[in-house]
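Below you'll find the structure, written out as structure tokens, and then a few comments.
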Amino acid sequence: DILGKDLEEEKKKNAADTSESSYDSVGISSSLKENVAAAISSKNTAALEGYMATSVNVVFAASEKAGLRTPAEAVSDLDYANSNGESPWNFNLSAATLADYKAGFYGPYFGTSTIVGKSANNLVVSFGIDAYGDIDFVFVSASADLLTE
């Protein structure tokens, strides 16, 4: 089961040899990306809690909702994506699409050390991966249109 992988082993595999906190400097394993995509696509976001840092910055585009949350709170915040995002989800967005998102106002949430997915009805989620291989931010946009303004 792709969601049931040994979390400690996964974290060791994802750990980077850098002390930089830039989201452009950390590699992401294909298995972590697959697990995040599977959790969002199946609406089983509780499975992500074990992949999260002790403090997760959760940001909702175009709202007042933002701040540091526990992993359990961050998973609860993902209920918005569960309720509003329609399948299928695409976690293999084109480089051009990601470049457009990165060039917009919310660009900092779209580095190379992020996992980004877009729902069939245009909702976008982005997960930032820290130097330890943990999710340390979750960004949610109700519409991809907000990301290219």
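The chain is numbered in sequence order, starting from 1.
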Quick check: Y80 with F60 (ring centres under 6.0 Å apart)?
yes

Return the minimal non-hydrogen interatomic distance between W89 and A81, and the atom names on each side.
CZ2-O, 4.1 Å

For A72, is there any backbone N or O sitting under 3.5 Å from a side-chain donor or acceptor partner on S76?
no

What are the two closest non-hydrogen atoms of M52 and A74, and how far apart are they?
SD-CB, 3.8 Å

Using only heavy-atom distances, determine whether the side chains of D136 and S55 contain a donor-acceptor pair under 3.5 Å.
no

Residue pair N35 / Y51, side-chain donor-acceptor N/O under 3.5 Å:
yes

Do L147 and F105 sit in the same hydrophobic cluster, where Ile, Leu, Val, Met, Phe, Trp and Tyr count as joined when their side-chain heavy atoms come under 4.5 Å apart?
yes

Looking at every heavy atom in both E86 and N121, which two are closest together, and how far apart are they?
N-OD1, 2.9 Å

Once rounded to the nearest 0.5 Å, what's the spacing between atom OG of S113 and atom CZ of F127?
15.0 Å

Looking at A46, is its backbone amide N or carbonyl O close enough to the side chain of E49 to form a donor-acceptor pair, meaning the two atoms are under 3.5 Å apart?
no

When rounded to the nearest 0.5 angstrom, what distance separates OG1 in T112 from CD1 in I28?
7.5 Å

Looking at L146 and A62, what are the two nearest heavy atoms and their distance?
CD1-CB, 4.0 Å

Start with the C-alpha gap between K118 and L123, add the side-chain angles, then the distance that decides, and say whether side chain to side chain contact (heavy atoms under 4.5 Å, CB included) holds.
CA-CA 6 Å; K118 182 177 169 184; L123 188 138; over 6 Å; no

Hey, what do you get for OG1 (T148) to OH (Y101), rounding to the nearest 0.5 Å?
7.5 Å

Test L32 against I115 for side chain to side chain contact (heavy atoms under 4.5 Å, CB included), laying out the working first.
CA-CA 9 Å; L32 177 60; I115 299 170; 4.1 Å; yes

Looking only at side chains, do K33 and N92 share a donor and an acceptor under 3.5 Å apart?
yes

If we ignore hydrogens and angles and just use 3.5 Å, is the side chain of T97 paired with the main-chain N or O of L93 as donor and acceptor?
no

Please answer whether the main-chain N or O of V116 pairs with a side-chain N or O of T114 as donor and acceptor at a distance below 3.5 Å.
no

Looking at S141 and V124, would you say the former's side chain and the latter's main chain have a donor-acceptor pair under 3.5 Å?
no

To the nearest 0.5 Å, what is the distance between CG on L98 and CZ on F110?
8.0 Å

Taken to the nearest 0.5 Å, the spacing of S126 OG from F137 CZ works out to 4.0 Å

Verdict with reasoning, Y109 to V138, per side chain to side chain contact (heavy atoms under 4.5 Å, CB included):
CA-CA 8 Å; Y109 300 107; V138 175; over 6 Å; no

Donor-acceptor pair, distance only, cut-off 3.5 Å: does the side chain of K43 make one with the backbone of D79?
no

Would you check, one step at a time, whether the test side chain to side chain contact (heavy atoms under 4.5 Å, CB included) holds for I40 with L48?
CA-CA 9 Å; I40 295 295; L48 295 175; 4.3 Å; yes

Does V36 reach the side chain of I135, with side-chain heavy atoms less than 4.5 Å apart?
yes

Looking at G133, is its backbone amide N or carbonyl O close enough to the side chain of D130 to form a donor-acceptor pair, meaning the two atoms are under 3.5 Å apart?
yes

Enter the distance from T70:OG1 to D77:CG here, rounded to the nearest 0.5 Å.
8.5 Å

May I ask you to decide if the ring planes of F139 and Y106 are parallel, tilted or perpendicular, using 30° and 60° as cut-offs?
tilted

When every non-hydrogen atom of A120 is compared with those of S87, the smallest separation belongs to CB-O, 3.5 Å

